[in-house]
Number of protein chains: 2
Amino acid sequence: MPTTTAAQRREQARVEYDAFIRSCPTNQLLDRISDKWVSLVVCALSPGPMRYSELSRKIAGVSPKMLTQTLRSLERDGILARTVTPAVPVRVDYELTPLGDSLSLLLAGVKNWAETHIEQVHEARERYDAEADG
Amino acid sequence: MPTTTAAQRREQARVEYDAFIRSCPTNQLLDRISDKWVSLVVCALSPGPMRYSELSRKIAGVSPKMLTQTLRSLERDGILARTVTPAVPVRVDYELTPLGDSLSLLLAGVKNWAETHIEQVHEARERYDAEADG
DNA sequence: CTGGATCCGAATCGATACTG
DNA sequence: CAGTATCGATTCGGATCCAG
């Protein structure tokens with residue numbers, strides 16, 4: 001007789017669903033842009049190219065580790081291009097690709113929605129929290 | 001002389017920047033919709049109301065804890081409404097509010113971008129990984 | 001200047017068991 | 001049916017040190 005039934009079946013469902021989710025383009029994209037630093041980097045780069053140290057200063061609170069990590073993954077995804085200029089102090093520039101520009105446009109849409117509706121969200125929160133108090 | 005300099009200054013910058021980020025509506029929204037389950041719940045609910053157990057089944061891999069947590073925060077933000085019908089087995093329905101509908105529209109836009117561009121991302125990844133190999 | 005490697009603490013997720 | 005409480009596992013992010 002089976003020592004596992006419900007647990008195994010649920011585990012199975014979880015794995016399958018996980019695969020489904022990961023294969024969904026929307027979720028892949030959400031996973032990507034949801035990263036805390038991604039939108040900031042894309043936003044920072046949208047006016048034009050920037051050096052590593054410039055980004056590091058503009059984004060302020062980011063650690064070298066996270067900045068590099070973010071930059072690398074965005075480069076891998078074709079969102080931005082990395083250009084190394086071999087000099088005595090090495091110079092590295094980051095620049096949005098056309099795909100990156102397109103993404104920054106989408107982000108602008110998100111930003112627009114956020115600015116239009118965030119107040120409603122805040123009001124809803126206050127109502128909700130007020131009820132919780134009473 | 002100070003034993004802390006760079007670290008302290010960065011810490012300070014981090015705190016300030018953190019405040020800036022959190023006050024930014026776009027980031028607030030991104031934080032919200034980036035949650036693994038949020039988009040799934042909104043998507044599941046967009047055709048119409050659903051009961052807790054229906055959601056639980058439709059979203060499959062979610063644990064009760066995460067489902068409740070997601071539902072609660074969405075309710076707090078005015079994205080969905082929770083309706084309790086006192087009966088012998090209690091009945092609870094969840095339904096998108098107008099704000100939630102609006103959000104699901106935005107999500108549709110995101111989905112559209114994702115489906116249009118995800119292939120480019122995949123191609124970029126393959127190129128990148130191929131270079132890494134060689 | 002531009003990062004890579006490592007360690008560690010915090011936060012988060014998920015499974016399980018239990019309640020009304 | 002609709003959750004809540006708890007605990008363990010995992011993951012993430014930051015600090016630090018080091019290298020090209």
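Within every chain, numbering begins at 1; the chains are lettered A, B, ... in the order of the sequence lines, protein sequences first and strands thereafter.
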Requested in this report: Ignoring hydrogens and angles, tell me if any N or O in the side chain of T70(A) forms a donor-acceptor pair with the backbone of V38(A) under 3.5 Å.
Outcome: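 The answer is no, because no donor-acceptor pair under 3.5 Å joins these two groups.
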Check for a donor-acceptor pair, side chain of S23(B) on one end and backbone N or O of F20(B) on the other, with a separation under 3.5 Å.
->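 Yes, because the side chain of S23(B) sits within donor-acceptor range (under 3.5 Å) of the backbone of F20(B).
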Taken to the nearest 0.5 Å, the spacing of R51(B) CZ from T83(B) OG1 works out to 12.0 Å
Using a cut-off of strictly less than 4.0 Å, decide whether [X] has a side-chain nitrogen or oxygen near OP1 or OP2 of [N].
X: Y17(A); N: dG14(C); value: no
X: S63(A); N: dG13(D); value: no
X: T68(B); N: dA2(D); value: no
X: Y52(B); N: dT4(D); value: no
X: R51(B); N: dA2(D); value: yes

Among L107(A), I33(A), V110(A), L103(A), side chain to side chain contact (heavy atoms under 4.5 Å, CB included) partner for W113(B):
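Exactly one candidate clears the test, L103(A).
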Requested in this report: Using side chain to side chain donor-acceptor pair (under 3.5 Å) as the criterion, point out the one residue from H117(B), R125(B), Q120(B) that pairs with D77(A).
Outcome: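 That would be R125(B).
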* Asked: Taking five pairs at each end, how big is the angle between the two axes of the helix from dC1(C)-dG20(D) to dG20(C)-dC1(D), to 10°?
  ->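 The end-segment axes of the helix from dC1(C)-dG20(D) to dG20(C)-dC1(D) are tilted 40° relative to each other.
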Problem - Shared hydrophobic cluster, V90(B) / L80(B) (ILVMFWY, side-chain heavy atoms < 4.5 Å) - result: yes
Contacts of D93(A) meeting salt bridge (Lys or Arg N to Asp or Glu O under 4.0 Å) (sequence neighbours excluded), chain-then-number -> R91(A)
Without decimals, in angstroms, what is the distance between [X] [atom1] and [N] [atom2]?
X: D93(B); N: dG3(D); atom1: CG; atom2: C1'; answer: 15 Å
X: E75(A); N: dG4(C); atom1: CD; atom2: P; answer: 10 Å
X: L67(A); N: dC12(D); atom1: CG; atom2: P; answer: 18 Å
X: M50(A); N: dG3(C); atom1: CE; atom2: P; answer: 15 Å
X: L71(B); N: dC1(D); atom1: CG; atom2: P; answer: 16 Å
X: I59(A); N: dG3(C); atom1: CD1; atom2: P; answer: 13 Å

Check nucleotides 9-13 of chain C against the protein and report each pair of N or O atoms closer than 3.5 Å, with its distance, or say if there are none.
none

Partners of W37(A) by ring-ring contact (aromatic ring centres under 6.0 Å, His included), sequence neighbours excluded?
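Counting only residues at least two positions away or on another chain, W37(A) forms no ring-ring contact (aromatic ring centres under 6.0 Å, His included).
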Is D31(B) salt-bridged to R22(B), going by a charged N under 4.0 Å from an acidic O?
no
In numerical order, the residues of residues 80-90 of chain B whose heavy atoms come under 4.0 Å of DNA chain C are none
In chain order, what residues pass the side chain to side chain contact (heavy atoms under 4.5 Å, CB included) check against E95(A), with sequence neighbours excluded?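 Side chain to side chain contact (heavy atoms under 4.5 Å, CB included) check on E95(A) returns P49(A).
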Practice prompt. Indicate yes or no: at least one non-hydrogen side-chain atom of T26(A) is less than 4.5 angstrom from one of S39(B).
Written response: no
